[in-house]
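Structure first, then comments.
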Amino acid sequence: MNTPTLTCFTLSVTDHVAHLVLNRPEAMNTMGPTFWRELDEVLTALHRGNEARALVVSSTGRHFSAGMSLEVFGDAILLDDASAEGRAAIADLLAALQATFSKLESLRIPVIAAIHGGCIGGAVDLVTAACIRYATQDAFFCVQEINIGMVADVGTLQRLPKLVPLGVVKELAYTGRRMPAARAREVGLVNEVFATQDECVAAALQCAREIAAKPPVAIWGTKQVIHYARDHSVADSLQQMGWVQGAIWSNAHVREAVVAMKGKREPSFPPLAPLRDFGEK
């Protein structure tokens, strides 16, 4: 897999599990322009490649991430609110940022977030795009944008209502309060809470290894079907289920899974096909 040189992250792939670590603890893993560029490049490489079958996202330092870097609101990105034309351009800028986090959601493999400390502002946008969220007992979640006079705009207000009750979303979004890990577990935002960061990351990696042992194309199909069902009617989703199953069904995969289970051995499945641009050799 061809991956870029990284300054905001570290990336490793072991036994088909990719582990992406936010690695600017001195800056509380804030999200500046380089962060966005590198994350977009990494996710594109993981999506196009076929070495990784699951992705774990964790972090370093005191907080998972303190959200948007202040430079995003300064000279690095200037939002022109002086004219209708300038304000119209804001939508295109936001679309680019939204598209990066949407790559987590549309990635061909499942994404597991291991969250410790503060998950603030843009970090909530990030983790709500993951499939599974684990947290440490000291973790907290904060829709910080309202505290700095703006509306959260990179995915939190669109994805959070799909994960927790609407009243909880509104409470967080209107007040900017911190939601502790125990409450996040209670309302379903996180799957499990762990005593330490090491335990949290270990659990996320173990879950990823379990996923990686399944047929990659069946995992791909399952992710497609779950997301489609989230956004469509039951009738439409059942119809889509038939199309997906008809496209990816494999007698060989089912046979291998059953034989391996009976033989008490690890099954072996082919990877997804790598993606190539049209005309690329």
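Just the heavy atoms: all of them, side chains too, but no hydrogens, waters or symmetry mates, feed the values below.
Atoms CG and NZ, from Leu160 and Lys162 in turn, are 12.0 Å apart once rounded to the nearest 0.5 Å. Taking CG from Leu104 and CG from Leu46, the interatomic distance works out to 9.5 Å, rounded to the nearest 0.5 Å. For the atom pair Gln137 CD and Arg185 CZ, the distance stands at 14.5 Å (nearest 0.5 Å). Here the straight-line distance linking atom CG of Leu94 with atom CG of Asp153 works out to 4.5 Å at 0.5 Å rounding. Annotation: the span from Leu6 atom CG to Arg37 atom CZ amounts to 10.5 Å, rounded to 0.5 Å.
Between Asp40 and Lys103, at least one side-chain nitrogen of the basic residue sits less than 4.0 Å from a carboxylate oxygen of the acidic one, meeting the salt-bridge criterion. Salt bridge status for Arg230 with Glu105: present, with a side-chain N to carboxylate O gap under 4.0 Å. Ion pairing between Glu256 and Arg265 holds under the 4.0 Å rule for side-chain N and carboxylate O. Between Arg159 and Asp125, none of the side-chain N atoms (NZ, or NE/NH1/NH2) sits under 4.0 Å from a carboxylate O, so this pair counts as no salt bridge.
Across Thr156 and Thr128, no two heavy atoms sit closer than the pair CA-OG1, 4.3 Å. The minimum heavy-atom distance between Thr60 and Arg24, with the atom names listed, is OG1-N, 4.1 Å. Here the closest non-hydrogen pair linking Val17 and Leu205 is CG1-CD2, 4.1 Å. Between Cys131 and Pro110, the shortest heavy-atom distance links the atoms SG-CA, 3.8 Å. Scanning all heavy atoms of the two residues, the minimum distance from Arg178 to Cys142 falls at CG-CB, 4.3 Å. Nearest approach of Thr30 to Ala66, heavy atoms of both residues: CG2-CB, 3.9 Å.
By the criterion of side-chain heavy atoms lying less than 4.5 angstrom apart, applied directly or through intervening Ile, Leu, Val, Met, Phe, Trp or Tyr residues, Ile120 is not grouped with Met31; the two fall into different hydrophobic clusters. A single hydrophobic cluster is not seen to contain both Leu107 and Leu272; linkage of ILVMFWY side chains at heavy-atom distances under 4.5 Å, directly or through other members, places them apart. Cluster annotation: Val21 and Val201 are assigned to distinct hydrophobic clusters (Ile/Leu/Val/Met/Phe/Trp/Tyr, side-chain heavy-atom contacts under 4.5 Å, transitive). Linking Ile, Leu, Val, Met, Phe, Trp and Tyr whenever their side-chain heavy atoms come within less than 4.5 Å leaves Phe141 and Ile112 in two separate clusters. One hydrophobic cluster holds both Leu39 and Leu11 under the rule that ILVMFWY side chains link at heavy-atom gaps under 4.5 Å.
Remark: the backbone N or O of Thr136 is not paired with any side-chain donor or acceptor of Gln197 at under 3.5 angstrom. Proximity of a side-chain donor or acceptor of Asn191 to a complementary backbone N or O of Arg133 within less than 3.5 Å is detected. A side-chain donor-acceptor contact under 3.5 Å links Arg87 to the backbone of Asp81. For the pair His227 (side chain) and Ser106 (backbone), a donor-acceptor distance under 3.5 Å is absent. His16 places a side-chain N or O within donor-acceptor distance of the main-chain N or O of Glu51, the cut-off being under 3.5 Å.
A donor-acceptor contact closer than 3.5 angstrom is absent between the side chains of Thr196 and Asp198. Side-chain contact, Asn147 with Gln144: a donor N or O sits under 3.5 Å from an acceptor N or O. With no hydrogens or angles considered, a side-chain donor-acceptor pair links His19 and Ser58 at under 3.5 Å.
Trp243 and Tyr228 have their aromatic ring centers separated by at least 6.0 angstrom.
Residues Asn23 and Pro25 have side chains in contact (heavy-atom distance under 4.5 Å, counting atoms from C-beta outward). Annotation: side chain of His253 is in contact with side chain of Phe269 (closest heavy-atom distance under 4.5 Å). The side-chain heavy atoms of Tyr134 and Ile132, taken from C-beta on, include a pair separated by under 4.5 Å. Contact of the Arg53 side chain with the Ile211 side chain is not registered, since no non-hydrogen atoms from C-beta on lie closer than 4.5 Å. Inter-residue side-chain proximity for Ile219 and Lys223 is flagged as unmet; no heavy-atom pair is nearer than 4.5 Å. Within the 4.5 Å cutoff, the side chain of Glu171 has heavy atoms near those of the Arg177 side chain. Counting only heavy atoms from C-beta outward, the side chains of Leu97 and Met68 approach each other to under 4.5 Å. In this structure the side chain of Val127 never reaches within 4.5 angstrom of the side chain of Phe101, judged on heavy atoms.
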Please step through side chain to side chain contact (heavy atoms under 4.5 Å, CB included) for the pair Val193 and Val190, ending with a clear verdict. CA-CA 7 Å; Val193 175; Val190 300; 4.1 Å; yes

Checking Glu41 against Trp36 for the side chain to side chain contact (heavy atoms under 4.5 Å, CB included) test, could you report, in this order, the C-alpha distance in whole Å, the side-chain angles of both residues, the deciding distance, and whether it holds? CA-CA 9 Å; Glu41 291 173 351; Trp36 289 95; over 6 Å; no

Can Trp220 and Ile248 be said to form a side chain to side chain contact (heavy atoms under 4.5 Å, CB included), step by step? CA-CA 9 Å; Trp220 174 88; Ile248 67 173; 3.8 Å; yes

Check the pair Tyr174 / Ile146 against side chain to side chain contact (heavy atoms under 4.5 Å, CB included), numbers first and verdict last. CA-CA 7 Å; Tyr174 295 164; Ile146 198 66; 6.0 Å; no

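Heavy-atom contacts from other residues, nucleotides or ligands closer than 6.0 Å to CZ of Arg62 number 12 or fewer. Remark: Asp15 CG is loosely packed, at most 12 non-hydrogen atoms of other residues, nucleotides or ligands lying under 6.0 Å away. Remark: Met28 CE is loosely packed, at most 12 non-hydrogen atoms of other residues, nucleotides or ligands lying under 6.0 Å away. Under a cut-off of 6.0 angstrom, the local environment of CZ in Arg209 is crowded, with over 12 non-hydrogen atoms contributed by other residues, nucleotides or ligands. Within a 6.0 Å sphere centred on CD of Glu26, other residues, nucleotides and ligands contribute more than 12 heavy atoms.
No option in Ser69, Ser59, Ser65 other than Ser59 meets the side-chain hydrogen bond (donor to acceptor under 3.5 Å, both in side chains) test with Asn29.
The aromatic rings of Phe35 and Phe9 lie tilted to each other, with the angle between the two planes from 30° to 60°.
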